[in-house]
Amino acid sequence: MPLLEQSFYEKNALELAESLLGKLIVKDTPEGRASGIIVETEAYMGAEDRAAHSYGNRRTRRTEIMFGKAGSVYTYQMHTHTLVNVVAAEVDTPQAVLIRAVEPVEGLHLMEKRRPGRKQVEWTNGPGKLTKALGIAMSDYGSHYTVPPLQLFEGWEHGDFEIATGPRIGIDNTGEARHYPWRFFVKGNPYISR
DNA sequence: GGGATGATCCCA
DNA sequence: GGGATCATCCCG
């Protein structure tokens, strides 16, 4: 299965969020490989998006990688959880796409071990859950999706699934931005969050 | 140094 | 519906 090349990432976050659906995200660790098909994403459109960490070009240690090269890995801590993003657009345009849900493909035994006592559908049906299941951590911050150990590959054929949109989740205090339909998901997929 | 703040999860 | 729980940020 072909690796997604640099040029794939060089588009704005809205376009990238939609193109990432159906792609395969792969994480290699000493324990082995775990992977899943991306079935839900959200676009964060940078300086003008009140819901984005980089709103108003806010540039800190945490957001620094959003200003970097498209295809860079942006990981972020939320309470006790790690969330993972794909950096979009050109350098100094701080946009990113949050990966909210995946459908497990490889390393099911690893995921089960990392999500003990949960039903399979609960392994990866949320942004904090899928990082745990795949073994994605803050150590992946600043890496790039074209190099190991965290990579993106072509997955499902285009046209084999239907795309739906809706408002983003968990950004209630962001004015007009909370209503924008910047969440993308595979219609009918059982691993969609919430 | 300290207080406020979450792009969440899990249990009640 | 609310508490857990903590890295990060910003102000002082």
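Just so it is clear: chains get the letters A, B, ... in the order the sequence lines come, proteins before strands, and each one is counted from 1.
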Value for CZ (A:R100) from NZ (A:K129), rounded to nearest 0.5 Å, stands at 10.0 Å

note: A:M78, atom CE; C:dT8, atom P; distance rounded to Å ~ 14 Å

For this session: Answer yes or no: does a side-chain N or O of A:R115 lie under 4.0 Å from OP1 or OP2 of B:dC10?
Result: yes

A:N173 atom CG is separated from B:dA4 atom P, nearest whole Å, by 16 Å

Check this one for me: any side-chain N or O of A:R178 less than 4.0 Å away from OP1 or OP2 of B:dA7?
no

At 4.0 Å (heavy atoms only), tell me whether A:R61 reaches a base, stays on the sugar-phosphate, or touches nothing.
sugar-phosphate

Think A:R168 forms a cation-pi with A:Y44, using NZ or CZ under 6.0 Å from the six-ring centre and within 45 degrees of its axis? yes

In whole angstroms, the gap separating C1' of B:dG6 from NE2 of A:H81 amounts to 12 Å

Rounded to whole Å, the OH-P distance (A:Y55 to C:dC9) equals 18 Å

A:D172 CG to C:dG1 C1', in whole Å, measures 14 Å

Under 4.0 Å between a side-chain N or O of A:H79 and OP1 or OP2 of C:dA7? no

In terms of the angle between their ring planes, are A:Y145 and A:Y9 parallel, tilted or perpendicular, with boundaries placed at 30° and 60°? parallel

- For A:R118, report the nucleic acid contact type (base, sugar-phosphate, nothing); a contact means any heavy atom under 4.0 Å. sugar-phosphate

To the nearest angstrom, the CG-P distance between A:N125 and B:dT8 comes to 13 Å

As its Watson-Crick or G-U partner within any shown strand, both distances under 3.5 Å, B:dC10 has C:dG2

Rounded to whole Å, the CD-P distance (A:Q77 to B:dC9) equals 13 Å

Separation of B:dA4 atom C1' from A:R62 atom CZ, nearest Å, is 13 Å

Just to confirm, is there a sub-4.0 Å distance from OP1 or OP2 of B:dA7 to any side-chain nitrogen or oxygen of A:Y76?
yes

Margin query: Taking any heavy-atom pair under 4.0 Å as a contact, classify A:N85: base, sugar-phosphate, or nothing.
Written below: base

Going through the distances and angles, do A:H81 and A:T131 end up as a side chain to side chain contact (heavy atoms under 4.5 Å, CB included)? CA-CA 8 Å; A:H81 308 288; A:T131 54; 5.7 Å; no

NZ (A:K23) and CG (A:L20) are apart, to the nearest 0.5 Å, by 7.5 Å

What's A:I171 touching, base or sugar-phosphate or nothing? Going by heavy atoms closer than 4.0 Å.
sugar-phosphate

Can you see if the side chain of A:T80 gets near the phosphate of C:dC6 - specifically, an N or O under 4.0 Å from OP1 or OP2? no

